[in-house]
2 protein chains.
Amino acid sequence: MQEPTGLEQLICFELYAASRAMTGLYRPALEAAGITYPQYVALRVIWQRTRISVRELGTILQLDSGTLSPLLKRLETQGLITRRRGTDDERVVWITATPQGSALQAQVADLPQRLACALDLTAEDVTTLHTLLTRVRSAAATKSTTL
Amino acid sequence: MQEPTGLEQLICFELYAASRAMTGLYRPALEAAGITYPQYVALRVIWQRTRISVRELGTILQLDSGTLSPLLKRLETQGLITRRRGTDDERVVWITATPQGSALQAQVADLPQRLACALDLTAEDVTTLHTLLTRVRSAAATKSTTL
DNA sequence: ACCACTTCAGTTGTGCACAACTAGATTGCG
DNA sequence: CGCAATCTAGTTGTGCACAACTGAAGTGGT
């Protein structure tokens, strides 16, 4: 930091800027796969289950239906997932990866490792960072009325 | 973390989630002041200078004119800043806080401290987090073609 | 002086984030 | 049972993030 802008003292701003920088790091590879970063994290969760409801996906990603509905609609249009109303409870929509969607998994499998290397962080740094970020997130979530 | 979603291993996702959680923590106070979080960080930089160009503001915030132009337009409409074309170099637009805009500064002055307390982080944690986030951001920015 | 190159802010189009709301399905209490 | 409260996903509207582009203004080489 060369100039005293005051921003560098704000953890909040560092989080905001670092998050966008990381997303930018993922962008080229994800663009090649035809998806965006939020779509990628949603797919990661979907890939791990035979099916998942919009609600549970939202709980994991901390996103509401206002964000997820259009995002999932786009994934469905691309043929990467299917959406089906539940028969027992017609309120819930079950999401499943299509074969085409599952195929994408292989294409982006090594991304996190490749990009983590680019950050020049030691394993210890990653652990520390992960611990602190989790604490910040849960503390912020607790105090907030949102979600 | 109760379930193995795979996301919790992703520094990238933790950054993304923590950043949104922090923004949510700021939201109620900023909403009371009539501004959004990105407008707040932009104003913090503007408050520290008698004037600043859109370009320099963008360099500090890591945002391009595509994001800043409409954001600054809204701040101008609210009467918080003025925008004036330079006389020597007519390409640059100089931004200045209005008295009304400067008055807002007092209203949100204690925000970072109040909210930092809510996170239950020690001074050491904050320093560690800040250092790691800065490293992540600069590393990501270096590898990226963006900006 | 000429002109290709660069710089700056702004516009357009797409997609995300979130508040506020809607509509239908389900639940549970009296 | 009847019906109000709750829960689900989706829609609408606002504002941010970013790619791609525009147009005007400045710059440098010849």
Side-chain angles (χ1 to χ4, degrees), chain A residues 13 16-28 30-31 34-43 52-59 61-78 83-95 141 144-147, chain B residues 13 16-28 30-31 34-43 52-59 61-78 83-95 141 144-147:
Chain A
F13 176 74
Y16 164 70
S19 175
R20 285 187 292 120
M22 278 295 288
T23 303
L25 207 56
Y26 273 78
R27 190 168 295 117
L30 293 179
E31 199 170 342
I35 57 177
T36 65
Y37 178 74
Q39 288 169 9
Y40 166 70
V41 289
L43 281 173
I52 186 171
S53 68
V54 173
R55 159 154 186 68
E56 191 181 358
L57 183 60
T59 302
L61 300 177
Q62 294 290 296
L63 291 170
D64 64 9
S65 66
T67 300
L68 286 177
S69 286
L71 184 152
L72 295 170
K73 200 173 182 178
R74 282 185 283 271
L75 288 179
E76 189 181 36
T77 303
Q78 288 191 265
R83 290 192 292 172
R84 237 186 304 280
R85 284 272 167 195
T87 48
D88 49 336
D89 187 338
E90 291 188 21
R91 286 172 306 182
V92 333
V93 166
W94 293 102
I95 300 155
S144 174
T145 55
T146 322
L147 284 174
Chain B
F13 176 75
Y16 163 69
S19 175
R20 285 187 293 119
M22 278 296 288
T23 303
L25 207 55
Y26 273 77
R27 189 169 296 115
L30 294 179
E31 198 169 342
I35 56 176
T36 65
Y37 178 74
Q39 289 169 9
Y40 166 70
V41 290
L43 281 173
I52 186 172
S53 69
V54 173
R55 162 156 183 68
E56 190 181 358
L57 184 59
T59 302
L61 300 178
Q62 295 290 295
L63 292 170
D64 65 7
S65 66
T67 299
L68 286 177
S69 286
L71 185 153
L72 294 170
K73 200 174 182 176
R74 283 186 282 271
L75 288 178
E76 190 181 34
T77 302
Q78 289 192 266
R83 289 192 292 171
R84 236 186 304 280
R85 283 271 166 196
T87 47
D88 49 335
D89 187 338
E90 291 189 21
R91 286 173 307 180
V92 333
V93 166
W94 293 102
I95 300 154
S144 173
T145 54
T146 323
L147 286 173

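Reminder, nothing fancy here: chain letters follow the sequence lines and each chain counts from 1.
Relative ring orientation between A/Y26 and A/Y40 is described as tilted, the plane-to-plane angle lying within the 30° to 60° band.
In this structure, OH of B/Y26 is placed 16 Å from P of C/dC18, rounded to the nearest angstrom. Straight-line distance from the CD atom of B/Q39 to the C1' atom of D/dT14: 11 Å, rounded to whole Å. One can place CG of B/D88 at 15 Å from C1' of D/dT27, the figure rounded to the nearest angstrom. Distance, A/L30 CG to C/dG15 P: 15 Å, rounded to whole Å. Regarding B/Y37, its OH atom lies at a distance of 14 Å from the C1' atom of D/dA17, rounded to whole Å. Following rounding to the nearest Å, B/L75 (CG) and D/dT14 (P) show an atom-to-atom distance of 17 Å. Taking atom CZ of A/R91 as the reference point, atom C1' of D/dA5 lies 12 Å away to the nearest angstrom. When rounded to the nearest whole Å, the span between CG of A/D64 and P of C/dT22 equals 16 Å.
The side chain of B/R27 places an N or O atom within less than 4.0 Å of a non-bridging phosphate oxygen (OP1 or OP2) of C/dA19. Side-chain nitrogen and oxygen atoms of B/R20 include at least one within less than 4.0 Å of the OP1 or OP2 phosphate oxygen of C/dC18. In this structure, B/S69 reaches the C/dG10 phosphate: one of its side-chain N or O atoms is under 4.0 Å from OP1 or OP2. OP1 or OP2 of D/dG10 lies within a sub-4.0 Å distance of a side-chain N or O belonging to A/R83. Between A/R55 and D/dT8 there is a side-chain N or O to OP1 or OP2 distance below 4.0 Å.
Although no hydrogens or angles enter the test, the distance criterion places no donor-acceptor pair under 3.5 Å between the side chain of B/R84 and the main chain of B/W94. Checked by atom type and distance alone, the side chain of B/Q78 pairs as donor or acceptor with a backbone atom of B/G34 at under 3.5 Å.
If B/S65 and B/P70 are placed on DNA chain D by their nearest nucleotide, the residue sitting closer to the 5' end is B/P70. Along DNA chain C, the nucleotide nearest B/V93 and the nucleotide nearest A/P38 are compared for position; the residue whose nucleotide lies closer to the 5' end is B/V93. Of the residues near DNA chain D, A/D89 and B/E90, the one whose nearest nucleotide (by heavy atom distance) lies more toward the 5' end is A/D89.
Counting heavy atoms from C-beta on, the side chains of B/Q39 and B/L30 never come closer than 4.5 Å. With contacts defined as side-chain heavy-atom distances shorter than 4.5 Å, the pair B/L72/B/V93 does not qualify.
Within 3.5 Å, no donor on the side chain of B/T36 pairs with an acceptor on the base of D/dG15, nor the reverse.
Here A/S53 lies in heavy-atom contact (under 4.0 Å) with sugar-phosphate atoms only. When heavy atoms are screened at a 4.0 angstrom cut-off, A/L71 is found touching the sugar-phosphate backbone but no base atom.
Nearest nucleotide to the B/V54 side chain, out of C/dG10, D/dG10, D/dT8: C/dG10.
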